[in-house]
*Asks:* 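Okay, handing you the structure first.
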Amino acid sequence: MARKITFKIFRFNPYDEGSSPFQQEYKLEETPRLNLFSALNIIRDEQDPTLMFDFVCRAGICGSCAMMINGRPTLACRTLTSDLPETIELFPLPFFKMLGDLSVDTGVWFRGISERLESWIHTDGTFDTKSVEKLMDNELANEIYEADRCIECGSCVSGCATANVYPDFLGATGLNRIARYMIDPRDMRDNEAWFELVSTYEGVFGCIGMMACEDVCPKNIPLLDTFSRVRRLMIETGLSSKSTLLKTHS
Amino acid sequence: MSTIHTTDVLIIGAGLAGERIGVEAAKRGLSVIILSLVPPKRSHSSAAQGGMQAALGNAAMGKGDNPSVHFMDTVKGSDWGADQEVARIFADNAPIAMREMAFYGVPWNRVKGGPAEYYIKGKKQTITEDAAKEGLITSRDFGGTAKWRTCYTADGTGHSVLYAMDNLAIQLGIEVHDRMEALSIIHDGGKCCGVVARSLRDGSLSTYLSKATVIATGGYGRIYGATTNAVICEGTGAVIALDTGIVPLGNMEAVQFHPTGIVPTDILVTEGCRGDGGYLIDKDGYRFMPDYEPEKQDLASRDVVSRRMMEHIKKGKGIESPYGTHLWLDIRHLGAHHITTKLREVYDICMYFIGVNPITDMIPVRPTHHYSMGGVRVNKDGHAYSLEGLFSAGEAACWDMHGFNRLGGNSLAETVVAGMIVGERVADYAQKCRLEVSSALSEKFMKEVSGKINGLLTSKGNESVPQLKKEMGDILTHNVGIFRNGTDLEEAKKVLKNLLKRSRNIKVKSGAKGGNPELTAALRIEGMIKLAMTVAYGALARKESRGAHTREDYPSRDDEKWLVRTLARWPKGSDEPKLTYEPVGMIDVPPGERGYGGASIKPMKKTISSYNAEVDRLQKKNGAIQTAEKIGTRIKAGLWKKEVK
Ligand SMILES: Cc1cc2nc3c(=O)[nH]c(=O)nc-3n(C[C@H](O)[C@H](O)[C@H](O)COP(=O)(O)OP(=O)(O)OC[C@H]3O[C@@H](n4cnc5c(N)ncnc54)[C@H](O)[C@@H]3O)c2cc1C
Ligand code: FES
């Protein structure tokens with residue numbers, strides 16, 4: 001017998017003055033290998049055309065669809081109902097600006113992070129169309145790619161105790177981004193520059209080590225290792241630097 | 001009151017093609033605004049796993065590669081439907097584009113000197129990588145190529161390249177308005193002046209006025225019921241071009257089916273699986289591709305492999321499942337390490353979506369709609385036909401290096417190369433032009449859009465969008481699929497025509513404020529059906545088989561009659577598209593055998609020089625705008641004879 005799933009979905013439309021938050025119930029018959037991408041679309045097509053949510057790739061690649069699924073932030077498209085109990089509670093990610101129901105504005109926040117961290121290759125060089133690429137060891141290329149794999153889904157910051165208290169905290173995604181550029185020899189920023197950027201409570205010293213981020217990262221990025229690496233480097237730099245040590249949170 | 005934005009360059013689409021053009025324009029000091037349905041890094045380019053082709057020739061199996069060989073593979077792949085000058089420009093510039101992306105931070109996989117083990121045509125082989133090339137960009141094998149040419153970053157090429165590109169766009173301070181959908185092109189019949197767009201956050205309408213406008217909206221796979229494409233690939237970019245009534249779409253019947261969509265869900269597993277040594281298996285556990293294609297085997301071009309799979313299924317060799325008949329893709333022999341590193345995305349997709357562990361089990365696959373070779377028809381500068389100031393690039397465009405079949409790895413590469421080349425032309429154009437738009441003109445288009453929205457919200461109709469979408473997807477999948485014939489296509493034409501009528505009778509039930517997903521979908525559906533009609537009409541009219549367009553009733557490629565590109569326009573007020581034809585472009589490599597696929601050919605009787613002599617005149621007659629350099633100047637006539645061994 002197929003299960004009858006009850007969805008309890010958070011509803012709120014911030015663009016409608018008359019709207020106030022509530023939970024709405026929908027019921028759906030479970031079919032084999034039903035995932036939340038299909039389930040939510042069936043509900044919208046057949047029961048409630050106003051339901052708002054975001055999917056793009058529906059393949060666990062683009063990071064659009066993270067939401068709180070029975071209390072845990074994760075990608076909805078690759079979550080199977082068969083892995084969940086009969087009642088499924090869906091909430092939007094906390095922390096981000098609400099756009100409607102399960103849809104939140106991750107794009108603007110992530111652009112802000114990229115601007116703050118200047119997350120691009122810093123170099124004095126210019127690209128020469130005629131010369132071959134600078135050599136790189138394949139192992140290093142793989143290592144950079146490992147850190148480059150973040151899909152900006154926002155699960156880590158949504159699950160993070162610090163981020164929910166200090167909205168300016170860079171979060172696991174931000175710190176991971178820094179690590180990605182730190183190990184990239186094409187980026188000419190030196191340790192002092194990194195130190196300026198992350199040796200604050202918004203940065204790497206804000207993390208209190210609960211590591212919920214690593215637990216929820218849908219791409220299994222080794223965030224714990226990344227943080228220890230960034231921290232180690234920052235402490236070494238801090239100790240050897242003539243500049244003021246460990247700026248405090250302002 | 002609606003907002004009015006002005007900018008030098010307006011780009012619709014923040015995927016790789018759109019952002020690369022934005023970068024070029026911003027570097028010239030022009031103001032740039034990019035519109036996108038989603039945050040740029042979520043654009044569909046991010047989903048490409050496999051890689052991008054460029055003739056760098058660093059890997060041992062790529063030795064001796066050069067742009068001429070790449071050009072030749074691309075022309076053959078296209079079944080001679082490509083514009084050969086564009087294919088040449090592409091192949092010549094692809095290596096530069098890959099190196100440029102390395103400069104901007106893409107962690108391309110690199111050559112590691114010494115022996116390495118690979119699976120080639122089903123057999124394990126040891127290949128020694130040249131120590132002198134260590135540290136240069138390496139490449140993997142993809143279908144339909146003479147050399148290993150596909151540059152990659154493990155399993156996430158599209159992701160890495162798009163992230164690097166978007167970070168560069170952020171560095172240059174390029175403004176992106178995400179969740180903003182272009183709904184209509186503002187033009188006076190001769191010149192494009194910008195667009196009217198709707199915010200998917202709050203539902204408000206805005207006017208964007210620009211000197212140059214670029215459509216870089218990607219593919220429109222969602223017109224098909226089953227597709228590998230993202231859910232946002234609904235083709236509104238192509239639709240607004242078609243809706244001008246004057247800009248044509250090129251070769252809409254040229255639709256690619258990828259051999260390995262997984263069953264069910266239609267999610268793609270990359271061609272890299274077969275490139276890295278995986279192969280197809282039938283219900284008897286038999287590797288059947290070498291029987292059909294002794295030379296290229298599982299790595300013939302996509303149109304050929306997809307057809308062979310369907311042929312094999314028709315012989316009763318498929319595996320029955322509740323989700324329909326399929327075949328197997330076997331990558332088990334590549335081993336756990338390879339699968340969880342270089343093909344990790346494939347591993348994740350199989351585990352999460354269908355519960356199959358590809359290290360120990362075979363993957364159920366079947367050919368699935370994947371790519372649109374057709375699109376907004378542009379000249380080699382990326383300038384749209386018949387409308388000054390409108391440009392297009394990437395999958396949305398028919399620049400036409402792909403003709404009737406594109407090679408794996410050539411599309412992602414096209415986005416950055418076209419971005420570079422077209423970007424320069426866009427910037428040139430915007431620099432020499434002034435922003436002059438009468439407010440009456442932009443208000444007229446604004447009124448049209450708001451009128452349409454009001455119409456939908458107050459309609460007394462009874463049609464629902466999901467229902468229309470389903471019927472459209474089904475008829476395309478069944479009647480305008482891999483194998484086509486006159487009877488099926490006639491039926492598709494009739495069904496779609498009726499759907500178009502019904503789409504004008506839609507009822508939007510909710511007037512919810514904000515993004516209103518129901519209204520958003522209702523605004524798109526009529527255009528999607530129009531696109532579907534250009535595909536079906538083009539396919540019915542083209543009485544030959546070329547590349548991915550296979551007519552059971554016209555099995556030969558007919559170079560005498562059909563060495564032409566279809567142009568589909570939608571005259572104002574018409575209830576169907578109007579088709580005309582133009583030469584494919586200047587020919588350098590004369591039409592010949594592809595070396596796979598085994599189709600018969602009716603040769604052209606005309607000489608190449610008399611064909612070429614007419615190209616410029618006939619294309620202009622069909623709306624081509626004068627190119628910056630004369631057509632044919634980049635073709636390097638005959639070089640392939642020396643350089644392709
Ligand atoms: C699953 C998959 C895997 C692939 N793998 C490969 C591969 O390995 N190698 C390869 O060469 N090719 C591959 N392709 C093809 C390739 O990825 C695409 O052709 C290419 O990325 C398209 O890029 P683009 O910039 O043209 O468009 P996209 O990246 O699709 O971007 C389109 C942009 O337009 C925006 N947009 C659309 N409509 C509107 C509108 N009306 N208003 C405002 N904005 C709009 C979207 O928000 C988006 O930002 C793959 C395709 C798929 C489906
Ligand atoms: S929709 Fe792309 S990750 Fe879920």
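All values reported here derive from a predicted model rather than from experimental measurement. The sequence lines fix the lettering, A, B, ..., with proteins before strands; numbering per chain opens at 1.
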*Asks:* Would you mind checking which part of Arg186(A) comes under 4.5 Å of any heavy atom in chain B, side chain (CB onward), backbone (N, CA, C, O), both or neither?
*Replies:*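 It is the side chain, since no backbone atom gets that close.
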*Asks:* Heavy-atom distances under 4.5 Å only: say whether Ile151(A) touches chain B with side chain, backbone, both or neither.
*Replies:*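 The answer is both parts of Ile151(A).
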*Asks:* Counting only heavy atoms closer than 4.5 Å, note whether Lys130(A) contacts chain B via side chain, backbone, both or neither.
*Replies:*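 It is neither, since no heavy atom gets under 4.5 Å.
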*Asks:* Report the option among Asp83(A), Val56(A), Ile144(A) that has the most heavy-atom pairs separated by less than 4.5 Å from atoms of chain B.
*Replies:*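 Highest number of pairs under 4.5 Å: Val56(A).
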*Asks:* Heavy-atom pairs under 4.5 Å with chain B: which of Lys219(A), Met52(A), Glu146(A) has the most?
*Replies:*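 Top count of heavy-atom pairs under 4.5 Å with chain B: Glu146(A).
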*Asks:* Between Tyr181(A) and chain B, which part of the residue has a heavy atom less than 4.5 Å away: side chain, backbone, both or neither?
*Replies:*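 Side chain only.
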*Asks:* Identify which part of Met351(B) has an atom lying under 4.5 Å from any heavy atom of chain A, answering side chain, backbone, both or neither.
*Replies:*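 The backbone, not the side chain.
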*Asks:* Do Glu134(B) and Leu135(A) touch side chain to side chain, with heavy atoms closer than 4.5 Å?
*Replies:*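 Sidechains of Leu135(A) and Glu134(B): no contact.
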*Asks:* Among residues 115-125 of chain A, which residues come closer than 4.5 Å to chain B, judged by heavy atom distances?
*Replies:*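 Answer by number: Glu115(A), Ser119(A), Trp120(A), Ile121(A), Thr123(A), Gly125(A).
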*Asks:* Side chain from CB out, backbone as N, CA, C, O: work out which of these in Ser103(A) comes under 4.5 Å of a heavy atom of chain B, or both, or neither.
*Replies:*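 Answer is side chain: those atoms of Ser103(A) sit under 4.5 Å from chain B.
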*Asks:* Pick one of side chain, backbone, both or neither for Arg180(A), based on which atoms fall under 4.5 Å of a heavy atom in chain B.
*Replies:*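 The answer is the side chain of Arg180(A).
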*Asks:* Is there a side-chain contact between Val38(B) and Phe55(A), using heavy atoms and a 4.5 Å cut-off?
*Replies:*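 They are not in contact (no side-chain heavy atoms under 4.5 Å apart), so the answer is no.
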*Asks:* Can you say whether Asp187(A) sits under 4.5 Å from chain B via the side chain, the backbone, both, or neither, judging by heavy atoms?
*Replies:*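 Neither the backbone nor the side chain of Asp187(A) comes within 4.5 Å of chain B.
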*Asks:* If you count heavy-atom pairs under 4.5 Å with chain A, which of Gln467(B), Glu345(B), His44(B) comes out on top?
*Replies:*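 The option with the most such pairs is Glu345(B).
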*Asks:* Tell me, side chain or backbone of Asn35(A) under 4.5 Å from chain B's heavy atoms, or both, or neither?
*Replies:*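 For Asn35(A), side-chain heavy atoms alone lie under 4.5 Å from chain B.
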*Asks:* Under 4.5 Å from any heavy atom of chain B, what part of Pro32(A) do you find: side chain, backbone, both or neither?
*Replies:*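 Backbone plus side chain of Pro32(A), per the 4.5 Å heavy-atom cut-off to chain B.
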